[in-house]
Number of protein chains: 2
Amino acid sequence: MARSRHSDALRAAQMYYLQDLTMDAIARELRTSRSTVSRLLSSARETGLVQVQIRSPFETGPELESQIRNQYGVDVHVVPVLDTLNEAETLDRVAMQAARTIGPLVDSNAIIGVAWGATLSAVSRHLTRKVTHDSIVVQLNGAGNMQTTGITYASDIMRRFGSAYGARVEQFPVPAFFDHASTKTAMWNERSVQRILDLQARMSIAIFGVGSVDSDYPSHVYAGGYLDEMDLNKLAADDVVGDVATVFFRSDGSSDGITLNERSTGPSHEQLRQVRRRICVVSGASKINGLQGALAAGLATDLILDEASARRLVSFNGHA
Amino acid sequence: MARSRHSDALRAAQMYYLQDLTMDAIARELRTSRSTVSRLLSSARETGLVQVQIRSPFETGPELESQIRNQYGVDVHVVPVLDTLNEAETLDRVAMQAARTIGPLVDSNAIIGVAWGATLSAVSRHLTRKVTHDSIVVQLNGAGNMQTTGITYASDIMRRFGSAYGARVEQFPVPAFFDHASTKTAMWNERSVQRILDLQARMSIAIFGVGSVDSDYPSHVYAGGYLDEMDLNKLAADDVVGDVATVFFRSDGSSDGITLNERSTGPSHEQLRQVRRRICVVSGASKINGLQGALAAGLATDLILDEASARRLVSFNGHA
DNA sequence: TTCCTTACTGCACGTTTGTGCAAATAGCTT
DNA sequence: AAGCTATTTGCACAAACGTGCAGTAAGGAA
């Protein structure tokens with residue numbers, strides 16, 4: 001029976017983590033084999049029954065973190081990685097740690113806004129389960145583009161978030177950018193769209209990466225058929241350095257007069273800043289410019305990034 | 001340098017618990033040996049840098065817990081132990097789990113009231129370290145008796161609490177019971193005593209066991225030279241079933257008219273009930289009667305006890 | 001400098017833990 | 001009941017881990 005399985009996992013977890021017994025001893029008490037106990041414990045970790053937290057007492061923690069914390073006023077988690085790892089490995093490690101960091105922040109009745117992109121995709125693959133009630137995962141911005149509807153890619157991300165937290169998933173079935181601002185206006189009056197916008201307005205957590213215009217490894221937005229050449233030229237002319245959820249900004253955080261934003265489906269920066277917890281995940285030193293702009297715009301309350309980027313971010317501001 | 005040691009421990013902990021690397025891999029990244037990493041991780045756990053939490057989603061948890069929760073309105077943690085273990089082993093396991101359960105509740109600026117006794121002694125030996133600021137550990141009741149000052153015994157407990165949480169320790173250098181109520185009145189007007197009483201009045205957490213009159217394994221209070229035969233007779237005549245911090249109560253939780261309480265140095269039940277978190281630790285089925293009285297008196301907000309006792313507590317009330 | 005004390009490191013060994021695989025069991029369908 | 005599929009279990013082996021011990025480095029006193 002599934003009932004006893006769950007409660008066995010609980011007992012095993014208590015004995016293992018709280019009483020420091022060996023799996024062997026636990027197996028004897030539960031009258032089962034040691035390997036079953038090993039699996040019970042795995043599933044206990046997997047389902048979020050056991051939560052490992054690292055509370056970095058930041059008065060003594062690495063000064064990198066407190067430096068960033070002070071400069072930008074965000075709660076920062078630096079992920080230690082060797083500088084020699086390649087982008088993909090780094091992303092994987094950052095994503096894994098981001099997923100575990102996000103876990104404790106998610107709670108029942110949360111409305112979780114989720115963007116899409118390579119970073120979020122990686123994060124979504126490492127989420128640890130956690131039981132919550134009446135939570136909702138809502139897509140922050142449309143994912144359709146000129147070639148595909150982009151739906152499957154973004155919806156995979158959303159689905160993983162939803163199933164990790166037992167939350168209802170609300171997709172946003174619109175393109176990333178409209179061709180005409182007037183179409184957006186029209187759509188924004190549709191009740192089906194308003195339902196999503198209403199959820200977004202009530203978000204308690206938002207999770208996103210950043211796009212950076214000059215990334216070596218350009219974000220999907222800049223390379224994936226979402227924008228045509230004219231759009232890209234206009235972005236350059238407007239001094240855009242990056243985006244969050246397909247809404248663009250300049251290095252100083254400003255975004256006034258960037259016309260492309262009028263056709264974008266992501267939440268305005270003003271709206272985003274209303275959200276209580278705004279978690280930004282960044283991996284890869286090439287995103288520095290975008291990240292700097294996003295921080296200047298005050299888009300994040302929590303920042304999770306790799307050590308190399310953290311270093312560059314500090315020196316970036318240091319001699320700027 | 002101690003600096004790099006601490007931050008290595010942090011990095012190692014992040015890599016081990018958040019990125020799922022093996023100690024071997026971490027050792028290579030930190031350019032040290034695997035055994036050093038093992039030790040770094042031990043110290044990270046030891047110092048509370050890593051915190052393992054088990055969040056029992058009680059809608060599906062063992063019904064024992066929710067039954068007690070509903071009957072007595074306390075937050076309960078049942079410690080799984082085989083019924084066949086002896087008292088000492090059970091106490092040890094309960095104490096270990098109690099210590100880990102208490103950890104997350106202790107915070108900076110806390111004033112922690114601590115009683116003494118076999119249970120608290122065991123708990124104090126298993127506390128996990130946690131860095132806090134400006135916390136104070138204050139002794140709940142005097143420990144002197146007719147034969148000894150009881151100071152070393154109780155003060156060991158206090159000292160362990162203090163050093164685990166980096167808290168200042170405030171002992172209460174009075175006997176457990178005065179011979180004359182008038183002496184107590186006099187002492188209670190002394191400024192040195194008032195300083196302690198003032199701290200007690202501002203406690204945010206209180207931690208105590210229960211004494212049970214008919215325990216097979218009688219509490220120190222009933223056997224240790226604290227009370228003479230006349231006192232014990234009077235307790236029996238008053239229908240006393242147990243005590244918390246040397247303040248007695250009856251099975252229904254009442255304590256009016258128990259004259260011995262006028263000579264006791266522990267906090268009155270009324271005062272104790274003012275404390276936000278009141279954590280009661282109980283091990284051993286023979287304490288059921290005392291525990292039942294303590295719960296009836298509403299002395300605890302949190303209860304940590306072994307499974308066998310939990311079962312007896314439920315059936316006790318079931319056919320009562 | 002030399003000697004002493006203390007704390008840390010890596011090795012080697014025994015213990016503990018994860019996991020592929022085959023057997024067993026449970027759940028369903030016909 | 002039989003037959004099928006999907007899980008779950010225990011075994012056995014390899015991988016990962018903890019710890020006593022001896023060697024080494026880092027301070028401190030004479």
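Chain A is the first sequence line, chain B the second, and so forth, proteins listed ahead of strands; every chain is numbered from 1.
One can place CG of D24(A) at 16 Å from P of dG18(D), the figure rounded to the nearest angstrom. Note: CD1 (I26(B)) to P (dG10(C)) measures 15 Å, nearest angstrom. Regarding L40(A), its CG atom lies at a distance of 10 Å from the P atom of dG10(D), rounded to whole Å. Rounded to whole Å, the distance from CG on L30(A) to C1' on dG10(D) is 15 Å. If you take CG of L41(A) and P of dT19(C), they are 13 Å apart, rounded to a whole angstrom. One can place CZ of R31(B) at 16 Å from P of dT9(C), the figure rounded to the nearest angstrom. Residue R34(A) contributes atom CZ, which lies 11 Å from atom P of dG10(D) at whole-angstrom precision. Atom CG of L21(B) and atom C1' of dC17(D) are 15 Å apart (whole Å).
For R39(B), the side-chain atoms get nearest to dG20(D) when compared with the rest of dG10(D), dC13(D), dG20(D). Picking from dG18(D), dG10(C), dG10(D) the nucleotide with the shortest atom distance to the side chain of M23(B) gives dG18(D). Minimum atom distance to the side chain of R45(B) is reached by dG18(D), of the listed dC17(D), dG18(D), dG10(C). For T36(B), the side-chain atoms get nearest to dG10(C) when compared with the rest of dC13(D), dG10(C), dG18(D).
Screening H126(A), R45(A), R100(A) for a side chain to side chain donor-acceptor pair (under 3.5 Å) with D20(B), the sole residue that qualifies is R100(A).
The shortest heavy-atom contact between Q139(A) and F172(A) is OE1-N, 3.2 Å.
Counting any heavy atom pair closer than 4.0 Å across all strands shown, T22(B) reaches sugar-phosphate atoms only and no base atom. When heavy atoms are screened at a 4.0 angstrom cut-off, T32(B) is found touching the sugar-phosphate backbone but no base atom.
Residue S38(B) places at least one side-chain N or O under 4.0 Å from the OP1 or OP2 atom of dG18(D). Dashed line: the shortest gap from a side-chain N or O of Y16(A) to OP1 or OP2 of dT17(C) is under 4.0 Å. In terms of phosphate contacts, S35(A) brings no side-chain nitrogen or oxygen within less than 4.0 Å of OP1 or OP2 of dG10(D).
Side-chain atoms of S38(B) and R34(B) include no donor-acceptor pair closer than 3.5 Å. Inspection of the Q97(B) and Q19(A) side chains reveals an N or O donor paired with an N or O acceptor under 3.5 Å.
Judged by distance alone, the side chain of T132(B) and the main-chain N or O of Y165(B) form a donor-acceptor pair under 3.5 Å.
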